[in-house]
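Notes follow once the structure below has been shown.
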Amino acid sequence: MRVSTSTITNMATSSMGNSYNAYLDIMNKIASNKNFTKVSENVVDATKVLKLNDQLAQMEQYQSNIQAATDEMNLAYDTLGAITDEISAINALIVEASNATTNQEGAKAIATEIKQRVATIVDKMNTKYLDNYIFSGTYTNEIPYTSDGAGNYNYNGSSEKAGDRNLTIAENTTFTYNFTGEEIFGKKDPNALDADGKELDFFSQMQHLDELLTSDVLDYEAIRAKLGVLDDATSKITQSQGMVSAKVSKLDSTKTINEDTILKLTENKTDLEEIDIVKAATDLANAQTALQASYAIGTRILGSVSLLDYI
């Protein structure tokens with residue numbers, strides 16, 4: 001079969017074009033440091049990269065959730081510690097007030113200071129992290145404690161049995177946490193009263209303490225009995241801080257595991273997406289050689305063709 005001159009010319013031109021495109025493709029890959037810039041260039045690997053990007057985005061969200069939870073846990077721990085300091089100060093004041101040498105004037109001064117410290121405790125319990133009240137349980141938009149103006153404090157958060165707050169911190173792993181005022185300071189319950197007919201929660205007992213300290217006749221034994229209320233609150237705070245420490249430890253552990261997963265996913269993505277620079281340099285040299293050879297052959301072929309070959 002006779003091969004026409006135009007066919008030879010087209011083959012030479014096509015060969016030079018293909019060699020140039022191959023050379024240019026490698027140059028673009030080196031410039032971008034990517035094996036491909038469009039899905040169509042490598043459908044299989046590009047699809048894998050897209051899936052890895054989704055996984056990495058999810059892992060970053062998990063890490064963000066962990067950081068938010070950790071920050072809130074640390075704030076809760078520090079706040080509880082500050083409340084313990086206030087309770088310790090109240091404890092010392094009660095010991096002083098229960099001494100028979102304390103007169104009515106001294107007891108009233110002590111009552112004033114205790115009121116101030118109780119108000120400080122309430123302020124601490126009303127602490128917010130970002131837009132959430134951390135001691136309101138699941139009612140994070142509700143301020144935990146409000147005053148009726150007469151020294152009584154009412155809890156507005158959720159019950160300690162109402163449920164939990166949850167954050168996803170890893171695949172199939174949920175972080176559960178919940179702080180309620182009731183857990184630490186008790187629940188107002190008109191059906192559960194002490195011998196004096198007072199409710200047993202901390203703030204009701206502190207209100208009763210104020211009544212005892214401002215009474216015309218000081219009952220030193222009744223005043224001293226309030227130390228038990230403080231002991232109970234301190235014990236619950238200590239338990240809460242222990243729980244916080246355990247939860248922060250879990251968060252730290254999960255964060256480390258997530259970091260390892262992110263590293264592996266990133267390495268997999270890099271292997272698929274980024275070029276091997278050593279191999280690319282070799283491929284570029286080979287492509288350049290092929291291009292030069294193609295140009296040399298093509299030039300000879302095209303140079304040997306005259307107009308008479310087309311007539």
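All values below come from the heavy atoms of this structure, side chains included, with hydrogens, waters and symmetry mates left out. Model, not experiment: these values are computed from the prediction.
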Worked verdict on Met125 versus Phe179 for side chain to side chain contact (heavy atoms under 4.5 Å, CB included): CA-CA 10 Å; Met125 288 298 292; Phe179 292 110; over 6 Å; no

Partners of Asp232 by salt bridge (charged side-chain N to carboxylate O under 4.0 Å, His left out), sequence neighbours excluded? Lys236

Would you call Tyr62 and Thr173 a side-chain contact if the rule is heavy atoms closer than 4.5 Å? no

What one should report as the nearest heavy-atom pair of Ile143 and Ser136 is C-OG, 3.9 Å

Tightest non-hydrogen contact, residues Ile87 and Ala233, listed as CD1-CB, 4.0 Å

Residues pairing under salt bridge (charged side-chain N to carboxylate O under 4.0 Å, His left out) where one sits in residues 66-89, two or more places apart or in two chains, turn out to be Glu72-Arg165, Glu86-Arg117

Would Ile94 and Leu213 count as a side chain to side chain contact (heavy atoms under 4.5 Å, CB included) if you check the C-alpha gap in whole Å, the side-chain angles of each, and the deciding distance to 0.1 Å? CA-CA 9 Å; Ile94 290 177; Leu213 292 171; over 6 Å; no

When you look at Tyr155 and Phe203, which way does the ring-ring contact (aromatic ring centres under 6.0 Å, His included) test go after all the steps? CA-CA 10 Å; Tyr155 177 64; Phe203 294 109; 9.5 Å; no

Without hydrogens or angle criteria, can the side chains of Asn156 and Glu142 be said to hold a donor-acceptor pair below 3.5 Å? no

Using every non-hydrogen atom in the two residues, find where Leu75 and Thr79 come nearest and quote the distance to one decimal. O-OG1, 2.7 Å

Give me each pair satisfying salt bridge (charged side-chain N to carboxylate O under 4.0 Å, His left out) with a member in residues 249-264, each pair once, sequence neighbours excluded. none

So CZ of Arg224 and CD of Glu221: to nearest 0.5 Å the spacing works out to 7.0 Å

Can you see whether Asn91 engages Ser88 through a side-chain donor-acceptor pair at a distance of less than 3.5 angstrom? no

Report whether Val229 and Val95 are members of the same hydrophobic cluster (ILVMFWY, side-chain heavy atoms less than 4.5 Å apart, transitive linking). yes

Stepwise, does the side-chain hydrogen bond (donor to acceptor under 3.5 Å, both in side chains) test hold for Thr180 with Glu183? CA-CA 6 Å; Thr180 71; Glu183 290 179 81; 3.2 Å; yes

Lys108: what forms a salt bridge (charged side-chain N to carboxylate O under 4.0 Å, His left out) with it, not counting sequence neighbours? none

Would Glu182 and Lys188 pass as an ion pair if we require N to O under 4.0 Å? no

Asn166: partners by side-chain hydrogen bond (donor to acceptor under 3.5 Å, both in side chains), with sequence neighbours left out: Thr176

Aromatic contact, Phe185 with Tyr153 (centres under 6.0 Å): no

Closest heavy-atom pair, Ile110 versus Thr102, reported as atoms and distance to 0.1 Å, is CD1-CG2, 4.4 Å

Nearest heavy-atom neighbours spanning Asp210 and Ala111: OD1-CB, 3.6 Å

For Asn65 and Gln61, does a side-chain donor sit closer than 3.5 Å to a side-chain acceptor? yes

Under 4.5 Å between side-chain heavy atoms, hopping through other hydrophobics if needed: is there a path connecting Ile184 to Leu227? yes

If only side-chain N and O atoms count, and only distance matters, is there a donor-acceptor pair under 3.5 Å linking Asp194 with Gln205? yes

Heavy-atom pair with the smallest gap, counting every atom of Tyr220 and Ala97: CD2-O, 3.4 Å

With sequence neighbours left out, write down each residue that passes side-chain hydrogen bond (donor to acceptor under 3.5 Å, both in side chains) with Asp231, or none if nothing qualifies. none

